[in-house]
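What follows is a short report on a single structure.
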There are 2 protein chains.
Amino acid sequence: MKKTLSIKDIALEAGVSITTVSFILNGKAKEKAISDFVTKKVEKIIEDSGYKPNQLARSLRTGNSNIIGLIVEDISNPFFAAIAKMIEYKAYKKGYKIIYSSTENEVAKAQDLINMFKSRKVDAYIISPIKGIEDDIKALINDHKTVVLFDRDLAGLNIDYVGVDHFKASCDATLALVEGGRKNIALVTIDLDVKQITDRQAGYREVLEKHKLFKEELILKIPFSQSEAETEQQMKELFSQNKVDAVLFATNYLAISGLMVLRTLAVKRDKDFEVIAYDDHIVFELLTPQVSAVQQPLEAIADKIIDLVLSRLSTKEKKLPQQVIFPAKLILRKNT
Amino acid sequence: MKKTLSIKDIALEAGVSITTVSFILNGKAKEKAISDFVTKKVEKIIEDSGYKPNQLARSLRTGNSNIIGLIVEDISNPFFAAIAKMIEYKAYKKGYKIIYSSTENEVAKAQDLINMFKSRKVDAYIISPIKGIEDDIKALINDHKTVVLFDRDLAGLNIDYVGVDHFKASCDATLALVEGGRKNIALVTIDLDVKQITDRQAGYREVLEKHKLFKEELILKIPFSQSEAETEQQMKELFSQNKVDAVLFATNYLAISGLMVLRTLAVKRDKDFEVIAYDDHIVFELLTPQVSAVQQPLEAIADKIIDLVLSRLSTKEKKLPQQVIFPAKLILRKNT
DNA sequence: CTGAAAGCGCTTACAG
DNA sequence: CTGAAAGCGCTTACAG
């Protein structure tokens, strides 16, 4: 078995120096005035031998890698999976590869991932951050790394951020329920102190207080990593121990669990009981009646993220950080 | 702003050689008989400075990376997302990181990804392969790399593979429909020449032919990358131009599109019309009536994959390739 | 038009 | 108990 080829082997075979091979490899043949004859010859040898430069060595030398690190909460969450896929697609066309990884909402794992990306010299970081990694992100910034946050903002960091106005979206959703004549609107949310969640809670609260409909006992905060069964049990209690005629679910998976519970309890979703879910999902269109949802503009978010990253990467000069906030869309599905 | 620390800086500050620092870094202090005093001192400096070794340099030197490359068709497909998440979780605990990427069923992209992983010196490859990359995989094997295939097998390659008996699963599903008294059982599948899909078609066909119920016109093969709208249109035609009393969907997303179509056509899924979907999905439990599905043992698959990889990685000696085939589980949901 | 040499940050065989 | 030096495979400033 032949060992991996190196630039030295190519140079040897072509009878030129490795410098020359390197120039040709990097498309600098013209610039460096390598003769056409030599260029062709070397290119042929490279082609025939199937030689691929060792990117590790290249990165070690140049300090960059054409790799963008993407850190999300959970890649199996459809929201992140969709964003990741679109980002990957666009980045790929520009010659960048994406490495993604999930934090599972653990600070230690998030820090670990940042360190791993750092020690692998990724060119840029796209991070859906969690509280507790502010300092790590600051360190990246101080290091002049390209960092774009998304989904969740982190207080006190003045850097590129792409997000959605969750407060407004939540107000809209709650208001739609109020205007539909609901008096006992529950909120099922996750017990996580991240802005994109607390904003949703705040919007719900603000609208209900304004309409004198706010009831503390109708808020259910589900601990992040508890079992599915416990979650369903708590929802069951919420729905059976209180008079509830509408519910706003703050996340996708909570909505799905919740719908399952409502199904078990044989609660009819009709003109007397309405549901709005946060983050749209294909299921919601399939159910009868369909389920209303707050839809985040996935493609716009992904586009903006990758645009920001690529533009930061291509210019030396520091531009001011951009905070891009998209509106979410409330999809009311009143048909049956 | 201070530049990144290197081992040299640590050695300088500690007043020892970089050799000594390297030994300590790699836990060889005892083995190399470095004095306790020096060890403690160096460790303290490392700790205080926040120094992290450059993995690129380490990999360049040692030839391995503690990174496992995972190549799937589409990371936003729930099946792959779930597998990826589980593999990542287990690998992480063993000190391995996972990089994943999607091929989108394009041979060129798949080859590109393999090359990228190769040039980054990943320690192992986990691949859900597509036809056309046999040679690339062979090259990896010849290079003594650890490669584990899953989901889809590739003819002519005798290497580690973890999969599911799709032929059997498809037979079971079709048989369940036949035994339920269905006479006109349609198959909606994807027009892809990969074993895990063709096996499903073969199982369907075999059972129907045996029962003299096979009808060519009830098979609909959807081109892989056509628009959602076209797909739905074709399904509409299938259902309206033929007498159909049951349908087997060969993939998850086809089933979801199909259910949407059936909903539009106001086809009632009742004792006169039955659906079985391939790959289970949370939606199927939420619908009324619920939808039967073929369930792949995700966790068992993920476990086996990562076990194989880790065991290959930890032993020098070549073991015989393992072909692990799990049975799928038919979940009949007859309740309403 | 082309090459010798330094250096990126590590690891490790060898020497003392 | 510890260090000098070679080398992993590249890129690039400098020299001719």
Side-chain angles (χ1 to χ4, degrees), chain A residues 2-43 46 49-67 115-116 118-123, chain B residues 2-43 46 49-67 115-116 118-123:
Chain A
K2 61 183 196 306
K3 64 181 286 297
T4 309
L5 291 168
S6 83
I7 194 172
K8 215 187 286 177
D9 301 310
I10 304 297
L12 205 67
E13 180 161 348
V16 299
S17 76
I18 61 169
T19 308
T20 304
V21 177
S22 176
F23 286 156
I24 293 171
L25 231 31
N26 290 296
K28 296 190 180 166
K30 286 271 166 287
E31 180 188 332
K32 297 293 180 178
I34 310 288
S35 70
D36 249 33
F37 176 71
V38 171
T39 305
K40 289 270 179 282
K41 183 170 72 175
V42 172
E43 276 170 349
I46 291 172
S49 64
Y51 164 70
K52 301 273 179 228
N54 180 324
Q55 298 299 335
L56 243 38
R58 179 176 279 180
S59 292
L60 179 59
R61 187 51 231 253
T62 63
N64 49 42
S65 58
N66 280 321
I67 291 185
N115 280 331
M116 154 183 160
K118 205 179 339 185
S119 69
R120 307 262 165 215
K121 306 291 174 200
V122 303
D123 290 351
Chain B
K2 59 183 194 313
K3 64 181 288 299
T4 309
L5 291 168
S6 84
I7 195 171
K8 214 186 287 179
D9 301 311
I10 304 298
L12 205 68
E13 181 162 348
V16 298
S17 76
I18 61 170
T19 307
T20 304
V21 177
S22 176
F23 285 157
I24 293 170
L25 231 29
N26 291 294
K28 297 188 180 168
K30 285 275 167 285
E31 179 188 333
K32 296 294 179 178
I34 310 287
S35 71
D36 248 35
F37 176 70
V38 171
T39 305
K40 290 269 178 283
K41 183 169 71 173
V42 172
E43 275 171 350
I46 291 172
S49 64
Y51 164 70
K52 302 271 180 229
N54 181 326
Q55 298 299 336
L56 244 37
R58 179 176 281 182
S59 293
L60 179 59
R61 188 50 231 253
T62 63
N64 50 42
S65 60
N66 278 321
I67 291 185
N115 281 331
M116 156 186 159
K118 205 181 337 187
S119 69
R120 306 261 164 217
K121 307 291 174 201
V122 302
D123 291 351

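Order of the sequence lines fixes the chain letters, A, B, ..., with proteins taken first and strands second; residue numbering starts at 1 for each chain.
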* Could you check whether A:F37 gets within reach of a base, just the sugar-phosphate, or nothing at all, counting any heavy atom under 4.0 Å? => nothing
* Asked: Taking only residues two or more places apart in sequence, or in another chain, which ones meet A:D123 in a side chain to side chain donor-acceptor pair (under 3.5 Å)?
  -> A:S65
* Check side-chain contact (heavy atoms from CB on, under 4.5 Å) between A:S35 and all other residues, then give those that pass, not counting sequence neighbours. => A:F37, A:V38
* Asked: Does the pair A:I7 and A:Y51 meet the rule for a side chain to side chain contact (heavy atoms under 4.5 Å, CB included), with working shown?
  -> CA-CA 8 Å; A:I7 194 172; A:Y51 164 70; 3.6 Å; yes
Please tabulate, for the side chains in residues 11-19 of chain A, all donor-acceptor contacts under 3.5 angstrom to protein atoms that are two or more places apart in sequence or on a different chain.
from  : atom 1 : to    : atom 2 : distance (Å)
A:S17 : OG     : A:T19 : N      : 3.3
A:S17 : OG     : A:T20 : N      : 3.2
A:S17 : OG     : A:T20 : OG1    : 3.3

* Asked: Between A:S22 and B:S35, who's closer to the 5' end of DNA chain D by nearest nucleotide?
  -> B:S35
* Would you kindly give the CG-to-P distance between B:L12 and D:dA4, to the nearest whole Å? => 12 Å
* Asked: A:T62: what forms a side chain to side chain donor-acceptor pair (under 3.5 Å) with it, not counting sequence neighbours?
  -> A:N64
* **Point-to-point distance, once rounded to the nearest 0.5 Å, from CG of A:N115 to CD of B:Q55** => 10.0 Å
* Is the phosphate of D:dC8, meaning OP1 or OP2, less than 4.0 Å from a side-chain N or O of A:N54? -> no
* Structure fact -> Contacts of A:A57 and A:T39 projected onto DNA chain C by closest heavy atom; the upstream (5') one is A:T39
* To do: Return one dot-bracket line describing DNA chain D 5' to 3' (Watson-Crick or G-U wobble pairs, both distances under 3.5 Å; ( ) same strand, [ ] crossing, | another strand, . none).
  => |||.||||||||.|||
* Round to a whole Å and report the spacing from CG of A:L60 to C1' of C:dG7. => 9 Å
* Can you check the B:K121 NZ to D:dG9 P distance for me, whole Å? -> 7 Å
* Asked: For D:dG9, does OP1 or OP2 lie under 4.0 Å from any side-chain N or O of A:Y51?
  -> no
* Asked: Base, sugar-phosphate, or nothing for B:R58, non-hydrogen atoms under 4.0 angstrom?
  -> sugar-phosphate
* Sorted by number, the residues of residues 13-21 of chain A with heavy-atom contact under 4.0 Å to DNA chain D -> A:I18, A:T19
